[in-house]
Every structure is written in structure tokens, then in C-alpha cells.
Amino acid sequence: MFGSLFGKKRLIPVLGLDISSSSVKLLEISKSGGKYRIENYAVTSLPPNVVVEKNIAELEPVAEAIKKVATLSKCKLKTAAVAVAGSAVITKLIEMPVGLNDDSMENQISLEADQYIPYPLDEVAIDFEVQGQTENNPERVDVLLAACRRENVDLRVDALEMADFLTKVVDVEAYAIERAFELIRPQLDCDEDSAIAIVDIGSSMTTLSVLVDGQTVYTREQLFGGRQLTEEIQRRYGLSLDEAGLAKKQGGLPDDYEPEVLEPFKDAVIQQVTRSLQFFFSSSQYNDVDHIVLAGGVASMPELAELVQDKLGTATSVANPFADMSVASKVDAMLLSNDAPSLMIACGLALRSFE
């Protein structure tokens with residue numbers, strides 16, 4: 001029941017493998033003298049509807065994509081960290097007596113878990129992480145309890161196993177983003193207690209994470225993503241889905257593409273960011289954020305960050321967790337730079353090697 005999420009804190013070399021609704025991303029990071037280096041990286045696309053709303057619907061195509069991305073990257077490491085979506089995980093902060101070892105904590109949590117988790121315990125994977133001393137009570141510690149339906153964990157583990165990988169860590173996407181954000185924080189002109197909104201716009205899902213002092217205080221997923229632009233290109237110009245996706249990246253579309261297709265999509269992105277933030281403001285004590293970081297594949301769109309900043313009046317930048325990293329000679333640095341905003345989760349997972 002325990003240990004399926006987070007993974008225990010020990011130095012284990014792992015790849016970051018991010019399985020999203022449209023692609024599999026692989027990233028290997030090394031560390032020497034306090035500096036990180038990208039050793040291997042690759043991205044490959046998934047067939048439509050193989051992963052639906054971050055849930056694996058078909059195992060074999062996912063396993064094939066993992067094999068392909070490993071071949072493309074020429075990576076030799078076979079241990080990996082993956083993540084489940086935040087919406088699939090229930091988290092709760094509980095208090096426990098100070099001084100308990102892991103075994104004693106597991107025993108006590110297993111006795112009390114049913115009061116925190118609304119599913120039969122034999123259907124869930126549970127893990128916990130001690131956060132530190134409870135405020136104003138030195139005899140108690142705060143413990144973060146996380147529970148996820150076991151099938152969400154098992155499907156990822158099975159997909160990796162079919163691709164000849166060993167899963168060392170199953171993390172939560174929100175915590176992977178937190179970890180990657182620590183690499184971005186120095187790039188922002190913000191105080192430690194600033195509220196930072198990370199808007200991850202993927203193929204079919206947009207996830208807003210708000211971090212204060214590096215900790216996630218809010219996360220919400222909404223159905224919206226770059227696939228809507230691809231489908232509009234497909235519909236308007238009579239292309240296949242693959243052809244539309246390629247044209248979106250490489251250009252060569254008719255002259256009316258920018259004013260009639262691309263600009264309305266950018267407006268829709270701005271509306272989505274605005275709506276996501278309004279949900280956050282209405283459910284918290286905050287009525288503003290200090291900085292917006294755009295992540296996900298859509299974030300690479302030229303001038304999008306400037307548009308968001310102009311429309312919302314909030315400083316906005318594009319995520320690049322690799323800005324201060326060196327890059328191995330076999331890695332295409334230009335491709336990596338272009339893909340950087342979409343590699344936040346993969347980066348956060350790869351950083352598990354150093355905890």
C-alpha cells in the first residue's frame with residue numbers, strides 16, 4: 001500500500017519520463033560540482049486517444065512510444081521516474097507524533113487512512129512525506145499524505161515494464177513542477193513569498209499551479225490545449241491530423257492562417273489563462289499573482305508571453321528550466337531550447353536523481 005507515490009528520498013539515478021496525452025518525453029540530467037547537465041533528451045508523439053485526460057487508455061502504444069523515445073535519445077539508463085496527474089491524487093496534511101520511524105508511521109496511517117480517503121484502501125496506492133514540525137507544537141510533525149487509485153499508478157508502471165524500464169519513482173505532476181520551478185525562480189524578479197502562477201498548456205489540458213515560497217497552494221486542470229489549434233488547421237485547410245500538426249510547427253500555411261486561425265487561438269489562450277486565474281482568486285485569499293510562467297508546448301508560440309503580459313498587466317515569461325545547465329554534445333541544444341517549456345514535468349522527475 002505504501003511507497004508508490006513520491007518514492008523514498010535516496011540518491012538513485014533516474015530518467016524523467018513524462019507521459020502526456022500527446023507525447024512521451026524523456027530527459028536525463030547529471031550533476032557535477034553543483035551544476036546540472038542535460039545528458040539525454042527526446043520527444044515522440046503518441047497516437048490520438050491512447051492517453052485520454054492524462055489516463056492511459058491503451059498500454060501497448062504507450063510502451064512502444066517509450067521504447068522509441070529511448071532509442072531516439074540513445075540513453076542507456078533503464079530506471080525511471082514517472083508522474084500521475086494531480087487530479088488523480090488526493091492529498092491531505094495530517095499531524096503525527098514526533099519521533100516515529102517510517103514503519104511506525106506506516107502502521108499508524110494504515111489504521112487511520114480510511115477516514116482520509118474516500119476509496120476502499122485495497123484500490124489505492126498511498127504514500128507519505130514528513131514536512132516538518134507542526135507550528136506551535138514541538139511534539140507533533142506535519143505529514144503530507146497522498147493517495148491515488150492504484151490503477152493509475154499500475155498502468156504507468158506496466159507501460160514502462162513493457163518497454164524494459166524499471167519504475168523507481170511514481171511522483172505527482174504538481175510536485176515535479178515545484179521541483180523544476182526551483183531552477184526558474186532565480187530568473188524571476190520576485191520575492192520568496194511572491195505568488196507565481198505556472199500555466200502549463202499542453203495538447204488537450206491546461207493546468208494552473210500557483211506557488212508561494214516554492215510550495216503549491218493551488219492547482220486546477222481544464223480541458224483546453226494546442227490540439228484545438230491543430231484541429232482548426234485540419235478543418236480549415238483539409239489536412240490530416242498529422243499534416244496539420246506538422247504545418248503548425250513548420251509553417252507554410254496560406255496567408256489567412258495568422259489573422260483567421262492563429263490570432264483567434266492566441267485570444268482563446270489569453271481567455272483561458274484569465275479564467276484559470278479567476279477560479280484561483282475566487283477560491284483563495286489572493287486577488288493577484290506576481291508573475292505568470294507559461295509552460296507546455298503552446299508556450300513556445302512566438303509573442304504569446306508578451307500578449308498575456310499586455311492583456312493581464314502581469315509580468316509573464318516562458319519556462320526554461322535549462323537556462324543555467326550545460327548540454328552534452330550529442331543533445332541538439334536548439335531543439336532542447338524550443339521544447340524547454342514542455343519539459344517542466346520531465347525535468348522535475350529527472351531531478352529525483354539528486355534527492
Side-chain angles (χ1 to χ4, degrees), residues 1-14 16 54-55 79-158 160-161 166-182 209-221 283-285 345 348-349 351-355:
M1 183 166 74
F2 289 94
S4 296
L5 299 162
F6 299 136
K8 296 308 173 196
K9 302 257 179 175
R10 58 184 179 275
L11 287 173
I12 42 171
V14 291
K54 303 195 177 180
N55 295 315
T79 52
V82 293
V84 291
S87 57
V89 179
I90 297 167
T91 58
K92 188 167 183 63
L93 199 63
I94 62 175
E95 291 182 16
M96 302 198 73
V98 75
L100 293 180
N101 60 28
D102 280 356
D103 289 341
S104 301
M105 217 169 257
E106 281 188 10
N107 289 335
Q108 187 160 333
I109 290 172
S110 63
L111 292 172
E112 301 175 7
D114 56 351
Q115 66 183 290
Y116 307 121
I117 298 160
Y119 306 123
L121 292 184
D122 59 353
E123 294 179 10
V124 296
I126 299 176
D127 209 348
F128 63 91
E129 196 171 70
V130 177
Q131 304 293 291
Q133 183 182 305
T134 301
E135 192 174 353
N136 302 324
N137 191 345
E139 295 182 1
R140 309 283 284 178
V141 288
D142 289 332
V143 178
L144 180 63
L145 181 67
C148 176
R149 281 193 177 275
R150 189 171 290 281
E151 65 178 350
N152 288 332
V153 172
D154 290 347
L155 283 168
R156 279 163 171 73
V157 173
D158 291 347
L160 265 69
E161 193 174 292
L166 178 65
T167 307
K168 283 287 187 180
V169 177
V170 180
D171 210 327
V172 181
E173 287 184 357
Y175 301 142
I177 285 175
E178 268 184 23
R179 215 170 288 113
F181 171 72
E182 288 304 313
S209 300
V210 180
L211 281 67
V212 177
D213 196 17
Q215 302 291 310
T216 303
V217 298
Y218 177 89
T219 183
R220 180 185 174 90
E221 295 172 359
S283 61
S284 71
Q285 77 268 33
I345 291 170
L349 292 172
L351 291 174
R352 290 302 299 260
S353 293
F354 314 109
E355 290 188 345

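Along the sequence shown, residues carry numbers from 1. Source: prediction; values computed, not measured.
For the side chain to side chain contact (heavy atoms under 4.5 Å, CB included) with N152, the lone residue among V89, N55, V170, V124 that qualifies is N55. The side chain to side chain contact (heavy atoms under 4.5 Å, CB included) test with Q131 singles out one residue from V143, L93, V141, and that residue is L93.
To the nearest 0.5 Å, the span separating CG on N107 from CG on D102 amounts to 11.0 Å. Between the SG atom in C148 and the CD1 atom in I90 there is a gap of 9.0 Å [rounded to 0.5 Å]. Atom CG of L145 sits about 9.0 Å away from atom NZ of K92, to the nearest 0.5 Å. The CE atom of M96 lies 5.5 Å from the CE atom of M105; values are rounded to the nearest 0.5 Å. Interatomic distance, CZ of R156 versus NZ of K54, reported as 9.0 Å (0.5 Å rounding). To the nearest 0.5 Å, atoms CD (E173) and CD1 (I177) are separated by 6.5 Å.
S283 places a side-chain heavy atom less than 4.5 Å from the side chain of Y218. Between T91 and V172 there is no side-chain heavy-atom pair separated by less than 4.5 Å. Proximity of L349 to V169: side-chain heavy atoms (C-beta onward) are nowhere separated by under 4.5 Å.
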Please walk me through it: do Q133 and D142 pass side chain to side chain contact (heavy atoms under 4.5 Å, CB included)?
-> CA-CA 6 Å; Q133 183 182 305; D142 289 332; over 6 Å; no

Test side chain to side chain contact (heavy atoms under 4.5 Å, CB included) applied to R352 and K168, step by step | CA-CA 10 Å; R352 290 302 299 260; K168 283 287 187 180; over 6 Å; no

Apply the test side chain to side chain contact (heavy atoms under 4.5 Å, CB included) to residues E182 and L351: give CA-CA distance (whole Å), side-chain angles for both, the deciding distance (0.1 Å), then the verdict.
-> CA-CA 11 Å; E182 288 304 313; L351 291 174; over 6 Å; no

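Side-chain N or O atoms of E178 include one that pairs as donor or acceptor with a backbone N or O of T216 at under 3.5 Å. For the pair T219 (side chain) and S209 (backbone), a donor-acceptor distance under 3.5 Å is absent. Under the 3.5 Å distance criterion, the side-chain polar atoms of R140 are left unmatched by any main-chain donor or acceptor of T134. A donor-acceptor pair is defined here as one N or O able to donate and one able to accept, closer than 3.5 Å; such a pair exists between the side chain of N101 and the backbone of D103. Looking at T79, its side chain does come within 3.5 Å of a backbone N or O of P13 through a donor-acceptor pair. Not a single donor-acceptor pair under 3.5 Å links the side chain of R149 to the backbone N or O of A88.
What you find for L100 and S104 is that their closest heavy atoms are CD2-CB, 3.9 Å.
The number of heavy atoms from other shown groups lying within 6.0 Å of CD (Q115) is above 12.
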